[in-house]
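Note that the coordinates shown come from a computational prediction; the quantities given were computed from them, not determined experimentally.
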Amino acid sequence: MKNIAIFASGSGTNAENITKYFAGNTTANVKLILSNKKDAGVLQRAKRLGIETIVFDRDTFYNTNNIVELLQKNHIDYIVLAGFLWLVPDNILKAYGGSIVNIHPALLPRHGGKGMYGDRVHRAVVEAGDKETGITIHKVNEKYDSGDIIAQYKVAVEPGDTPEMVATKVHALEYKYFPSEIEKEIQKL
């Protein structure tokens with residue numbers, strides 16, 4: 001059984017979905033949920049799900065080895081970024097290289113990079129007149145949204161779709177595919 005740590009900055013819908021997917025699963029379980037925001041909705045979701053939470057600040061994340069030590073102390077094997085907006089520092093990349101995955105709400109390399117997250121991405125998709133969008137599940141490296149692509153799933157963008165309508169379609173793909181892709185990656189460890 002492998003232990004997963006989820007890093008999240010927002011409401012935590014993907015973190016909750018992943019946690020529920022792995023509940024009772026023999027491959028892995030979610031052991032920790034970490035956030036860089038003390039008021040993030042993900043923390044309340046984690047509490048309801050009985051998952052231990054850790055909140056950290058920028059200095060701790062970037063200028064100490066505390067997070068790596070915490071992950072290792074908790075026997076974490078795999079890290080999932082689920083709406084986590086900070087670039088992962090070198091010490092975590094070195095400790096968990098190849099075992100960190102992220103989800104992006106567009107078909108990378110389109111609409112990726114620093115500052116491209118959530119509604120900003122969906123608005124960019126609509127403004128660009130893209131005919132399709134989707135999700136990209138990818139490995140994490142030292143640059144935003146540039147790690148090796150694991151999987152992409154697509155959905156049509158119809159004429160007249162608003163960014164909110166696109167977001168709904170993309171969220172459905174996230175909930176359907178992200179947990180099973182994580183499981184496939186963990187099975188390779």
Side-chain angles (χ1 to χ4, degrees), residues 1-19 21-22 27-47 49 51-106 108-109 111-118 120-121 135-151 174 178-179 181-189:
M1 174 83 68
K2 303 293 185 188
N3 291 318
I4 299 170
I6 299 176
F7 284 68
S9 300
S11 69
T13 55
N14 270 312
E16 181 174 358
N17 188 48
I18 293 162
T19 301
Y21 179 90
F22 284 104
T27 301
N29 71 298
V30 175
K31 186 161 186 189
L32 292 175
I33 294 181
L34 299 93
S35 184
N36 58 326
K37 293 186 176 183
K38 65 179 184 239
D39 58 349
V42 70
L43 300 172
Q44 294 306 313
R45 289 180 193 272
K47 185 177 182 180
L49 294 165
I51 305 296
E52 182 182 350
T53 60
I54 307 291
V55 177
F56 56 88
D57 60 24
R58 184 172 288 277
D59 183 59
T60 300
F61 193 58
Y62 287 109
N63 300 318
T64 74
N65 212 36
N66 294 1
I67 300 298
V68 170
E69 290 169 4
L70 176 79
L71 295 169
Q72 291 172 341
K73 179 180 137 204
N74 282 279
H75 309 287
I76 299 300
D77 302 293
Y78 202 77
I79 298 172
V80 174
L81 306 185
F84 184 71
L85 304 181
W86 288 357
L87 197 62
V88 176
D90 286 341
N91 63 334
I92 296 175
L93 291 173
K94 285 183 177 127
Y96 287 91
S99 294
I100 308 174
V101 67
N102 183 43
I103 189 164
H104 185 76
L108 292 173
H111 311 297
K114 185 175 173 65
M116 290 303 290
Y117 58 88
R120 294 177 180 194
V121 174
I135 60 170
T136 303
I137 299 162
H138 66 91
K139 300 266 186 177
V140 173
N141 64 17
E142 68 282 350
K143 296 179 185 171
Y144 285 107
D145 301 325
S146 64
D148 293 341
I149 292 173
I150 296 166
E174 291 173 352
F178 197 22
E181 290 295 336
I182 292 166
E183 184 174 28
K184 288 179 200 172
E185 288 300 303
I186 289 173
Q187 287 170 341
K188 296 176 186 176
L189 295 179

Table please: side-chain donor-acceptor pairs of residues 9-17 below 3.5 Å, with sequence neighbours left out.
from	atom 1	to	atom 2	distance (Å)
S9	OG	N36	OD1	2.7
S9	OG	L85	N	3.3
T13	OG1	Y175	OH	3.0
N14	ND2	E174	OE1	3.0
E16	OE1	R45	NH1	2.5
E16	OE2	K20	NZ	2.9
N17	ND2	Y175	O	2.9

Output all residues satisfying side chain to side chain contact (heavy atoms under 4.5 Å, CB included) with A28, sequence neighbours left out; order by chain, then residue number.
K2, I4, F22, I186

Heavy-atom closest contact (T53 atom, A46 atom, distance)
CG2-CB, 3.3 Å

State which residues pass side-chain hydrogen bond (donor to acceptor under 3.5 Å, both in side chains) with T64; sequence neighbours excluded, sorted by chain then number.
none

Please table the atom pairs, donor to acceptor, closer than 3.5 Å between any side-chain atom in residues 65-76 and protein atoms at least two apart or in another chain.
from	atom 1	to	atom 2	distance (Å)
N65	OD1	N91	ND2	2.9
N74	ND2	L70	O	2.9

Assess the residue pair F61 and I92 against the criterion (side-chain contact (heavy atoms from CB on, under 4.5 Å)); give the C-alpha distance rounded to whole Å, side-chain angles, the decisive distance to 0.1 Å, and a yes or no.
CA-CA 9 Å; F61 193 58; I92 296 175; 3.5 Å; yes

Partner residues of D59 under the side chain to side chain contact (heavy atoms under 4.5 Å, CB included) criterion, sequence neighbours left out
D57, N63

To check you understand the geometry: which heavy-atom pair defines the closest contact between P179 and Y21, and what is its length?
CB-CG, 3.3 Å

Please find the pair of heavy atoms, one from I150 and one from E181, that lie closest to each other, and give the distance.
CG2-OE1, 3.9 Å

Can you list the residues that meet the side-chain hydrogen bond (donor to acceptor under 3.5 Å, both in side chains) rule with Y96, with sequence neighbours excluded?
none

Rounded to the nearest 0.5 Å, what separation is found between the CD1 atom of I79 and the CD1 atom of I6?
11.5 Å

Distance col, row D90:CG vs N141:CG, nearest 0.5 angstrom, shows 10.5 Å

Looking only at heavy atoms, the pair that brings V140 and L93 closest together is O-CD2, 3.8 Å

All side-chain hydrogen bond (donor to acceptor under 3.5 Å, both in side chains) counterparts of S99, not counting sequence neighbours
none

Nearest heavy-atom contact between M116 and G112 is CG-O, 3.6 Å

Closest non-hydrogen contact found for K139 with G98 is NZ-O, 2.8 Å

Sorted by chain and residue number, the salt bridge (charged side-chain N to carboxylate O under 4.0 Å, His left out) partners of K47 (sequence neighbours excluded) come out as none

Plane angle bin for F56 and W86 - parallel if under 30°, tilted between 30 and 60°, otherwise perpendicular
perpendicular

So, using salt bridge (charged side-chain N to carboxylate O under 4.0 Å, His left out) as the criterion, who are the partners of E52 when residues are at least two apart?
none

Those residues at least two apart in sequence (or on a different chain) that pass side-chain hydrogen bond (donor to acceptor under 3.5 Å, both in side chains) with K188 are E185

So do the side chains of Y78 and V101 get within less than 4.5 Å of each other, counting heavy atoms only?
yes

Across all chains, not counting sequence neighbours, the side chain to side chain contact (heavy atoms under 4.5 Å, CB included) partners of D145 are N102, H104, L108, H138

Evaluate V30 against L49 for side-chain contact (heavy atoms from CB on, under 4.5 Å), listing each step before the verdict.
CA-CA 10 Å; V30 175; L49 294 165; over 6 Å; no

Does atom CG of D148 have more than 12 heavy-atom neighbours from other groups under 6.0 Å away?
no

Side chain T136, main chain A106, donor-acceptor under 3.5 Å
yes

